[in-house]
Structures are given as structure tokens and as C-alpha cells.
Asker: 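Below are the C-alpha cells for one structure; questions will follow.
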There are 2 protein chains.
Amino acid sequence: MVTVHDVARAAGVSISTVSRALTDPQRVAVATRDRVTSAARELGYRPNRAASVLRAGRSGALGLVVPDLANPYFAAIAKGAQAQARERGVGLFVVDSDEDPELETEAVSGLAPQTDGIILCSPRAVERTVEALEGRPVVLVNHHVDGLPSVVADHEAGMLRTLEHLRALGHAKVAYVGGPARSWSDSRRRAGLRAAAARLGDVELVELGPHRPQVAGGHAAADLVVATRATAVVTFNDLVAAGLVERLRVRGLDVPGDLSVVGCDDAYVAELLAPPLTTLRTDLRDSGRVAVDRLVLRPGKDDGALQGDVTLPVELVVRGSTAPPRAAAPRPAPDAP
Amino acid sequence: MVTVHDVARAAGVSISTVSRALTDPQRVAVATRDRVTSAARELGYRPNRAASVLRAGRSGALGLVVPDLANPYFAAIAKGAQAQARERGVGLFVVDSDEDPELETEAVSGLAPQTDGIILCSPRAVERTVEALEGRPVVLVNHHVDGLPSVVADHEAGMLRTLEHLRALGHAKVAYVGGPARSWSDSRRRAGLRAAAARLGDVELVELGPHRPQVAGGHAAADLVVATRATAVVTFNDLVAAGLVERLRVRGLDVPGDLSVVGCDDAYVAELLAPPLTTLRTDLRDSGRVAVDRLVLRPGKDDGALQGDVTLPVELVVRGSTAPPRAAAPRPAPDAP
DNA sequence: CCGGACGATGCGAACGTTTGCCAGATCGTC
DNA sequence: GACGATCTGGCAAACGTTCGCATCGTCCGG
């Protein structure tokens, strides 16, 4: 293994100069720097991360905690974060908390000592988890706590756009199938829907849930939605929408004929469904990217534009799962087979 | 920060004893060990990973390299590996190589020095990547290289079962839509199909591809498949199948009426499609789990059952996308709208 | 021509852990 | 009662890096 000593000897300088030339180039003379860097390159020197962490206290790695890696939503965020971390030359520990608040907190306290900062995606137990950070820098994705930097999607605007769309189609009663109880996005979406309904005046809103943010959650919700006699439904995410559509098909109901369905997130499943799903899109990879940048870029030194909260736009992608309601009143649902 | 020194003082022993009591419990007397562990617990001692890596050379972390985190296939493996790593008390670096052989090799050479072992999922450039390991232990998932431990699915058996299924339905001409050129699974599946076709004798096989292992690959392949006049098609994975089905729908063709479709992997999209996809299932989380165990468990010391290659079973899940071919000869395909 | 200031580099001490080596204790046995 | 075997635990040296401080030279203004 080649160390600073080897490089120092090859370049004819002391190890301190090598260290400085490589970590803080402007602190050594240009000629020396060049000698050092070329010697390092020639010998194939690669700094020992452990030693550098031990001494300097920085690890050059970030942590990312997500509730479920198998959920395309979080997979996309992880992918974006991953790519940006590579770009910035830092490592990225990804931990899956399995939607378990307990595990989430545990993960963070394990991660905190060996990372320079942590990205917390849709945390399920923010208060306790933030405690576990022990003061380590953090960025919340899809969640907000006063005083902590966050990257969020503009759920309110998305919900307003959704309701406008459904109202324009002629829907007067819209159901919402909510996600996990502790989900911040869920609460924002509910708030957004309520505000939008109040603003539009002539759309009635029925709220359901909480439901699991997976396909199974959609299965469970479908019959409840039908029973409300709503002519359109907005779901917590695309997976729930998929499960819901599936169950409706089993019951012999048509989408969008009997029920218009709007998903959230525009996971790639959305366009695979039959009919393709109308959904709200956020650039998730971008969320991951931005989150990493906010931990890597030193405020003041680098781009100051990343200060404060970042709100990413939400776009309504209209596909085949929304249409005008059938006749004036929705057809009563037939019994399940 | 509480260090070994603090624990040593509290327990009334030297720091060496503390270290030994915690890392190699059987080397200290029971009474001492208890004193040390309870002191450690009381003080909330947490060993400094960097220091221990620096001195001992082991990092307590593994690396996982996947071509695409957003692909549910790899997401599932990552989730399994993740869970097992947590179980075993080791960290896990997840890196997404973006299907790029270059990035893959680069990722491994970045990962190698700071991990105790690396899991390589469906590598796209095995030879160069293995070189970059610099002798670090490795487990290949979904790939095989002589002399290296691997975890693979029994693609051959799966393909035989698939062809038997299609033949039993009455299909005489079956197309295969292949995946990436450098994919080992792809080559195994092709080999498996050929062997199965030869064995069955009366099924004609048409091989297509390479195609991208995503939805877009299926789009691209659909028209080619139709042109072959095959009555059934097997695709590299479920995403490709999804894209293919989508394109067929656009062209006005019916699945399974005009064409039976079999996917691979049983990603959760499979059951969301209309019709739900007949597909080959492997327990992907298990692959991840097993891979981690093979790096964590010391051979000889722990379970020796994990020596050598591990082949996971493949199960054919029959759903709605396969049916008997229409009439004797398939209906000629109508032109695209 | 001198003093002060500043820029570049070297010296050496940490960072917290693991581990080889050795000393002391304990016990059994002759 | 002494000797050897066995076991336990302490000392101190690493691991490779970073960084405070010191040193040395140079340059400029007075």
C-alpha cells in the first residue's frame, strides 16, 4: 500500500506538504503542488479513508435512509442521490428502514457517527430520529420540520391542479385514499385537497385511510371508495392506485368509466397500467440530487442558492385513467363476483 | 465522545481488556467481561469505526454494485442485502453503475479499499471489474466466473419449465426477446431455451435482441416479435414484457389472444399488468441475503453450507398472459393505426 | 539597511483502536 | 512446598492521515 510517505519521498517534500497539496491545493506553491500530484498519480496513491476520517473527523460519506427501497418512489430518489454523490466524490450509505419507525431511528444512530450528513426520506418518526443524529447535518426529503433544511414537492399545488382537472371533467365527489398515518406527504396532500375543495366550492371531498403505501393498500381501499359513490379518486401513490384499479377490475368496474383514478409520483408503473394512470409527477432523482448537494456544498463557500427549503414543482400528467363521470349520477356498483 | 479509555476506567481494567472483552469475548474471564460490557452499556460506548478500520484493516462494511437501482429487480436484491447486512451488524454501501461497464469498474475500485467484501450484481464487465477488486472477497449475483463464489438463479430449469408450459398450451413457435449483450442471465436463458427446445423437439425458437432491459426495450421489440409470427414470446424481464404488451395494445393486438407473453423475475409490475403476467419467479431478496451471508460468515468457523455456488430455484408463475394460440395458425397482424 | 510581515514548508503530536509480547496470578501436580 | 502449565490482563507500538506550531526565506516599506 502506497502512503503519503512514499509520495513525499518521491516528490522530495515532507508528508505534511503532500497532505496539503492534495486536500487544500492553494496552500502550497504551484511548482510543489505539481510535483506532488504527479508523484501521487505515478505511484497510484490513494489516501486511506479510515486514517483520514480518524484524524480529520470527516468521513467523506453521506447516509440515506428510506422507508422502502423496493418502492420505485424511493428507488428513484436513491438513484438520484447515488449519482450525485458519485459526482461529488462522496460515498453514500443507503439504509432501508422497512417503514418501521424503530428501525429508522436505529439506522440513523448507526449511521450518524460514520457519515458527514444524513438524508432522511419521508421519515416515520422524525422527532426521535432527529435526536439520534447527535447534531449531524441533515436534509429532510418529503418532510418538513421547522429549522431543518428540506427538499419537498409542492403537494398543495399538485392537489389543486388535480381537483381542477377532475372538476373540469365534471366530477363533483372525489375520494382520497391516504397513505401511512405518520406520513408528512399524506398530511400535505390532505391539506392541499381540503384547501382546493374549499376554493373550488363545488367539489365534495371524502377522505379515506390510512392505508399501506403499496399495492395491497389499494386492494384494501377499492371497496371503500366504491361505497362512497365518489366518481373520482386520488390515491396516495401510484402503487395504491394500481392495487385499486386491479381490485376494481375484479369487481367488474371500469376505469375511467365507473371511476376516474389519479395516482401520485408518476412511478414508471403509472404508464404500464391499463388504462395508463393520470398522476402527479415530481422529479424524484432531482430530489435526491438536490439533497446530496445541500449536504456537500459548504454554505457560503459554494452556491448559496441552496440555502433554505427547496420546493420542487409538481406536474399533473394526464393519461387514460381520468374521464368525465358516466351520466349525471354514477352507476351503482354491482356486487363483487 | 466516550472511548475505550473511559470504559476501562469505569470498569477498572486496562483498555486492552476492554477491546478484547468487546471484540473477542472468550479471551477474557467471564467476570471481567461482564464488568466491561455493563460499563460500556452504561456509558453508551460506541467504538469509533474509523479507528478500528485503520488499525485492524477490516471495515465492517460491504459494497453492493447494481446496474440500476430503479429497476425493481435490483431494488429487491438491494433490499434483501440491506436487511441481512443490518441483521449481521455490518454496513452496506450501495452503488448504482447505471448499466455502464466503465462506471461499474470505477465503483468497485472506489469501494474496494473501504469494504471487507463486495457483491457484484449482474456485472457488465466482469473481467476488468474483478481486477479492480484488488483481491477483496467478492460474491457474484446473477453471474458466474470460475473460481468465484456466486449466487445464481436456475435459469435453465426455468426456461425448460416455460417452454413446457407454452408447448402444453399448443404453441409451436416461440420468440425470445433478449436483454443486454453482456448479460450473463441473458446468455443462460438463451442456452436454457435452446436446450429445452432441442429436448422438446417440436417447438421452434426465434431469438431476438439484444434489447435494453427496460420498458423501452419492450417497445422496441414488439414489432419484431409480431413479424416472426411466433405465437408466444419470452422476454428478458418483466419490464420488457410490460413494454411489449403496451406496444401490442397500441397496435391493436390482444394478449394472450394474439400472442402469449412470459416475463422473467416476477417483479411486482407483473401482477399489475392487464392481463397479469405469467413470469418466472426467483426470490430476489433471498439472493441479496445469501450474498451478504457468504461474505460475512467465516467459512469453516460458521456455517460451511454456504461454500461453493448457490443456485436458487426458479418458479413459473402462471397468470393471464399465456393461453392457447388462436386457431391453428396465428392471425396475421393488422397494421399499426 | 533594517524590521516586520507574509508565504511556503517541515516537524511532530494527535485521532481511537487492535494486538504482539510479556508479566503476574492461579491452580494442579508431583 | 515448589515447579510448570494455563490463563488473564497490562503496556506500548503501530495504523495513515491531518493540522497547530515553528521555521526559514523573501520581499517590501520606511
Side-chain angles (χ1 to χ4, degrees), chain A residues 1-40 43-61 89-91 110 112-116 134 298, chain B residues 1-40 43-61 89-91 110 112-116 134 298:
Chain A
M1 160 169 266
V2 35
T3 76
V4 268
H5 292 91
D6 303 319
V7 178
R9 201 172 325 118
V13 296
S14 77
I15 61 164
S16 347
T17 305
V18 173
S19 174
R20 275 192 283 260
L22 296 177
T23 61
D24 192 4
Q26 38 193 327
R27 282 182 47 98
V28 308
V30 187
T32 325
R33 183 199 315 163
D34 290 347
R35 225 156 5 111
V36 170
T37 47
S38 67
L43 296 174
Y45 169 70
R46 294 245 300 273
N48 180 322
R49 215 132 189 178
S52 137
V53 173
L54 176 58
R55 175 61 232 237
R58 316 176 230 94
S59 69
V90 303
Q114 48 186 323
T115 51
D116 294 342
E134 295 168 9
R298 301 233 151 268
Chain B
M1 161 169 268
V2 33
T3 75
V4 268
H5 291 93
D6 304 319
V7 178
R9 200 171 326 116
V13 296
S14 80
I15 61 163
S16 350
T17 305
V18 173
S19 174
R20 276 192 280 262
L22 296 177
T23 61
D24 191 5
Q26 38 193 326
R27 280 186 45 99
V28 308
V30 188
T32 325
R33 183 198 317 163
D34 290 348
R35 224 155 7 111
V36 170
T37 48
S38 68
L43 295 174
Y45 169 70
R46 294 245 301 272
N48 180 324
R49 214 133 192 175
S52 123
V53 173
L54 178 58
R55 175 61 232 239
R58 313 176 232 95
S59 68
V90 303
Q114 49 187 324
T115 51
D116 294 342
E134 296 168 8
R298 302 232 151 269

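Within every chain, numbering begins at 1; the chains are lettered A, B, ... in the order of the sequence lines, protein sequences first and strands thereafter.
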Asker: Could you check whether A:Val13 gets within reach of a base, just the sugar-phosphate, or nothing at all, counting any heavy atom under 4.0 Å?
Answerer: sugar-phosphate
Asker: Looking at B:Arg55 and C:dT17, is any side-chain donor or acceptor paired with a base atom of the opposite kind under 3.5 Å?
Answerer: no
Asker: So which nucleotide from C:dG10, C:dG16, D:dC19 ends up closest to the side chain of B:Leu54?
Answerer: C:dG16
Asker: Using the side-chain heavy atoms of B:Arg20, tell me which of these nucleotides is nearest: D:dG16, D:dG9, C:dT17.
Answerer: D:dG9
Asker: Has B:Ser14 got a side-chain N or O lying under 4.0 Å from the OP1 or OP2 atom of D:dG10?
Answerer: yes
Asker: Rounded to the nearest angstrom, tell me the gap between atom CG in A:Asp6 and atom P in D:dG16.
Answerer: 9 Å
Asker: Quick one: CZ on A:Arg20 to OG on A:Ser14, what's the gap to the nearest 0.5 Å?
Answerer: 6.5 Å
Asker: Establish whether the base of C:dC11 is bridged to the side chain of A:Ser16 by a donor-acceptor pair shorter than 3.5 Å.
Answerer: yes
Asker: Under the 3.5 angstrom rule, does the side chain of B:Asn48 hit a backbone N or O of B:Ala51 as a donor-acceptor pair?
Answerer: yes
Asker: Nearest whole angstrom, please: distance from the P of C:dA14 to the CG of B:Asn48.
Answerer: 17 Å
Asker: Say you draw a straight line from CD of B:Gln26 to CZ of B:Arg33; how long is it, rounded to the nearest 0.5 Å?
Answerer: 8.0 Å
Asker: Below the 4.0 Å mark, does C:dT17 have OP1 or OP2 next to a side-chain nitrogen or oxygen of B:Ser52?
Answerer: no
Asker: Could you check how far CG of A:Leu43 sits from P of D:dG16, rounded to whole Å?
Answerer: 15 Å
Asker: Where the side chain of B:Met1 is defined as all heavy atoms beyond and including C-beta, which of D:dT18, C:dG16, D:dA12 is the nearest nucleotide?
Answerer: C:dG16
Asker: Mind checking whether B:Thr32 and B:Thr17 have side chains closer than 4.5 Å, heavy atoms only?
Answerer: yes
Asker: Under 4.0 Å: is that the gap between some side-chain N or O of B:Arg35 and OP1 or OP2 of D:dT8?
Answerer: no
Asker: Compare all side-chain heavy atoms of A:Val36 with those of A:Val13 and state whether any distance is below 4.5 angstrom.
Answerer: yes
Asker: Checking all strands, does B:Ser19 fall into the base, sugar-phosphate, or nothing category for heavy-atom contacts under 4.0 angstrom?
Answerer: base
Asker: What's the closest nucleotide to the A:Thr3 side chain, out of C:dT9, D:dT17, C:dT18?
Answerer: D:dT17
Asker: Distance check needed: C:dA8 C1' versus A:Arg33 CZ, whole Å only.
Answerer: 12 Å
Asker: Between C1' on D:dG9 and CG on B:Leu22, what's the gap in Å once rounded to a whole number?
Answerer: 14 Å
Asker: From NE2 of B:His5 over to C1' of C:dT17, roughly how many Å is that when rounded to an integer?
Answerer: 9 Å
Asker: Report the residue (A:Arg27 or A:Ile15) whose heavy-atom-nearest nucleotide on DNA chain C is the more 5′ of the two.
Answerer: A:Arg27
Asker: To the nearest Å, how far apart are A:Arg46 CZ and D:dT17 P?
Answerer: 12 Å
